[in-house]
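A short worksheet on the structure shown next.
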Amino acid sequence: MGKTQHFGRQKLNFYSNVEYIICYGKRLISNNRKEVLAEYEKSDLEDAPLYNASNPEKPILFPKGMVKFNIADGKYSKSTDKKYTLETDVIVKDGKNANDFTLRFKSRWSKDKVISELDNGTTYWVKSENFSIRAIYGDLKTSIESPRQLIFTNSNNPLNTKSRFGVKVGTSEEGSKTLENLMENNFFNYPKPNTLIEYLLSLLINPNSNEFVNEGYFLDFFSGSATTAQAVMQLNANDEGNRKFILVQLPESTDENSEAYEEGYESICEIGKERIRRAGDKIVEESGNKDLDIGFKVFKLDSSNLEKWDPDYNDLEQTLLMSQDNIKSKRTQEDLVYEIMLKYGIDLTLPVEKHELTNNTLYSIEFGALIICLDDNITRDISNAIVKLSKDSDVKRVVFKDNGFASDSDKTNIKENLRTHGINEFITI
């Protein structure tokens, strides 16, 4: 799809607002593919004419019993319409053709296509003596409708664009009203309407199966009021999808004289987070689906939690003393847990379970696939706790803080005990 026009409100003195939405594909599956995006899947009309004036005339054979007639039983030898010629007589009995007959006309299908369509449940219908024959499609006859280039957002316009879920695409004014109702205040000027984002995200289709895509990640680099998050959660509620969102927003501060600041929102990010919470609760309430995943995690871009090795070669002794603890101050264990997940390419949306032991804390990622312990004075006893935990899950990798062991012998004993129980990836940071 190329450029799409977004029309805003229409005033009495004729006012229109036009915005452009550019859609492009990084990698096309096939050069011959016509639909990259699809608005909805439609069933063909219950019946459609086989006549096509641009095609040459051809004789089409219709086997016995395959045509339905809405004319009186009897024998017919000609059509009342010169566009159709009966080359053989047809006998109509009990509303069906009792014999094979041949009809010559400008057909959009070949004679072989007419026969092969029977396997798809297609039948044929003649309504009158003009023999204007029509195809009645079977239940499986569907097609993909490409999105229009013009998106009409005036709700009073009969051409108003709707998603395949029957939701009308709204204007920025409607986006403001939605946000104001949700947040009980209007903190943004003309935010993106969530119905527009829902519509755009719902256009994705699998080119191999022609099925709509209802999973995957949706990235918004200009999150603003977090409209995309609300749209993704709403779409998941509509079709039981498993879409996930990633929102990126600079920590832009709110004006100290603004209502947002007075209500405790010191940055745009804080407004977005609260919107996601409220929108998720509302969608669950309206859909009645208490199992709908509306959870999200918030991360702040920062430098590594680990101190960079930068020795002072003129005073190595002091450098070594200062580097005994290689974790930066004011960083939590949770900060380091997520950095470890990032470095090992582990999905940040996976569950992180915290297990409080007598003297230590274990973090279990992906139900035990990765175990992390960042405590100090770790003794060999912790290996027994990890082995016990591995009985209920398939532990493959364990990460410790390099200087967190009570002694070198504890470190060695822990490593050997884990290895004897099949846990071979012993990592220190």
Side-chain angles (χ1 to χ4, degrees), residues 179 182-183 185 187-188 191-192 194 197 216-233 236 243-281 293-310 323 325-356 361-366 369-376 399-402 404 427 429:
L179 184 59
L182 193 63
M183 301 294 292
N185 212 323
F187 298 134
F188 283 83
K192 298 183 293 291
N194 56 293
I197 306 303
Y217 290 91
F218 294 86
L219 173 63
D220 186 345
F221 260 116
F222 303 92
S223 171
S225 64
T227 303
T228 298
Q230 182 173 350
V232 167
M233 291 188 293
N236 285 339
R243 303 171 183 84
K244 298 180 176 66
F245 56 82
I246 300 175
L247 308 184
V248 181
Q249 175 61 49
L250 292 174
E252 181 180 341
S253 300
T254 55
D255 190 321
E256 293 185 3
N257 298 320
S258 66
E259 293 184 20
Y261 188 87
E262 291 178 0
E263 293 194 19
Y265 301 109
E266 296 183 2
S267 70
I268 289 179
C269 299
E270 296 301 318
I271 300 174
K273 288 190 289 185
E274 183 61 22
R275 178 188 186 167
I276 297 173
R277 295 186 189 101
R278 296 191 185 193
D281 290 339
D293 185 2
I294 57 172
F296 66 100
K297 296 179 180 180
V298 180
F299 298 95
K300 179 181 178 181
L301 184 63
D302 209 330
S303 60
S304 172
N305 297 287
L306 301 175
E307 292 283 6
K308 183 178 179 181
W309 172 247
D310 187 17
S323 301
D325 188 357
N326 63 338
I327 298 177
K328 293 179 180 178
S329 61
K330 298 182 180 180
R331 301 297 175 95
T332 66
Q333 289 191 353
E334 285 80 4
D335 292 338
L336 195 52
V337 164
Y338 281 104
E339 181 172 349
I340 293 170
M341 292 173 66
L342 280 172
K343 288 185 174 180
Y344 284 102
I346 297 174
D347 194 334
L348 295 180
T349 62
L350 291 175
V352 177
E353 298 176 282
K354 190 175 182 179
H355 298 272
E356 296 286 359
T361 300
L362 293 178
Y363 295 91
S364 173
I365 291 87
E366 197 177 4
L370 170 64
I371 301 294
I372 300 174
C373 181
L374 302 171
D375 291 331
D376 296 318
V399 178
F400 295 98
K401 190 167 63 170
D402 190 51
I427 302 167
I429 59 172

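Sequential numbering from 1 along the given sequence is applied to the chain's residues. Computation of the quantities below employed the complete heavy-atom set of this structure, encompassing side-chain atoms and omitting hydrogens, waters and symmetry-equivalent molecules.
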Assess the residue pair Asp293 and Lys244 against the criterion (side-chain contact (heavy atoms from CB on, under 4.5 Å)); give the C-alpha distance rounded to whole Å, side-chain angles, the decisive distance to 0.1 Å, and a yes or no.
CA-CA 9 Å; Asp293 185 2; Lys244 298 180 176 66; 5.8 Å; no
Which heavy-atom pair separates Phe187 from Glu259 by the least distance, and what is that distance?
CE2-C, 4.0 Å
Between Phe188 and Ser225, what is the shortest heavy-atom contact and its length?
CE1-CB, 3.6 Å
State which residue, out of Lys330, Gln333, Glu339, fulfils the side chain to side chain donor-acceptor pair (under 3.5 Å) condition with Asn305.
Glu339
Any chance CD of Glu353 has more than 12 other-residue heavy atoms, nucleotides or ligands included, within less than 6.0 Å?
yes
What pairs with Tyr217 under ring pair (Phe, Tyr, Trp, His ring centres under 6.0 Å), at least two apart in sequence or on another chain?
none
With side chains defined as the heavy atoms from C-beta onward, is the minimum distance between Tyr338 and Val352 less than 4.5 Å?
yes
Under 4.5 Å between any side-chain heavy atoms of Ser267 and Lys273, yes or no?
no
Determine, stepwise, if the pair Phe245 / Ile276 fulfils side-chain contact (heavy atoms from CB on, under 4.5 Å).
CA-CA 11 Å; Phe245 56 82; Ile276 297 173; 4.2 Å; yes
Passes side-chain contact (heavy atoms from CB on, under 4.5 Å), Cys373 versus Leu362? Steps please.
CA-CA 5 Å; Cys373 181; Leu362 293 178; 3.7 Å; yes
Sub-4.5 Å side-chain heavy-atom contact between Thr227 and Arg275:
yes
Gln230 side-chain N/O to Asn194 backbone N/O, donor-acceptor pair under 3.5 Å:
no
Taking Lys328 first and then Asp335, would you say they form a salt bridge - that is, a charged N and a carboxylate O separated by under 4.0 Å?
no
Carefully, step by step, assess Arg331 and Leu336 under the rule side-chain contact (heavy atoms from CB on, under 4.5 Å).
CA-CA 8 Å; Arg331 301 297 175 95; Leu336 195 52; over 6 Å; no
Kindly check if the number of other-residue, nucleotide or ligand heavy atoms within 6.0 Å of CG (Leu348) is above 12?
yes
Is the backbone of Asn257 close enough, under 3.5 Å, to the side chain of Asp255 for a donor and an acceptor to pair up by distance?
yes
Nearest 0.5 Å, please: how far is CG in Leu370 from OG in Ser364?
8.0 Å
Can you measure from CG (Asn185) to CD (Glu263) and round to the nearest 0.5 angstrom?
5.0 Å
Between Arg278 (side chain only) and Leu182 (backbone N and O only), is there a donor and an acceptor less than 3.5 Å apart?
yes
Nearest heavy-atom neighbours spanning Tyr261 and Glu256
CD2-O, 3.5 Å
Nearest 0.5 Å, please: how far is CZ in Phe299 from CG in Leu247?
12.5 Å
To the nearest 0.5 Å, what is the distance between CE (Met233) and CD1 (Ile294)?
7.0 Å
So do Ile365 and Val337 actually touch side chain to side chain, heavy atoms under 4.5 Å?
yes
Which heavy-atom pair separates Gly224 from Gln249 by the least distance, and what is that distance?
N-OE1, 2.8 Å
Distance (rounded to the nearest 0.5 Å) between Lys343 NZ and Ile427 CD1
12.0 Å
Is the number of heavy atoms from other residues, nucleotides or ligands under 6.0 Å of Lys297 NZ greater than 12?
yes
Using 0.5 Å steps for rounding, measure from the CZ atom of Phe222 to the NZ atom of Lys192.
9.5 Å
Thr361 backbone acceptor or donor facing Lys354 side chain under 3.5 Å
no
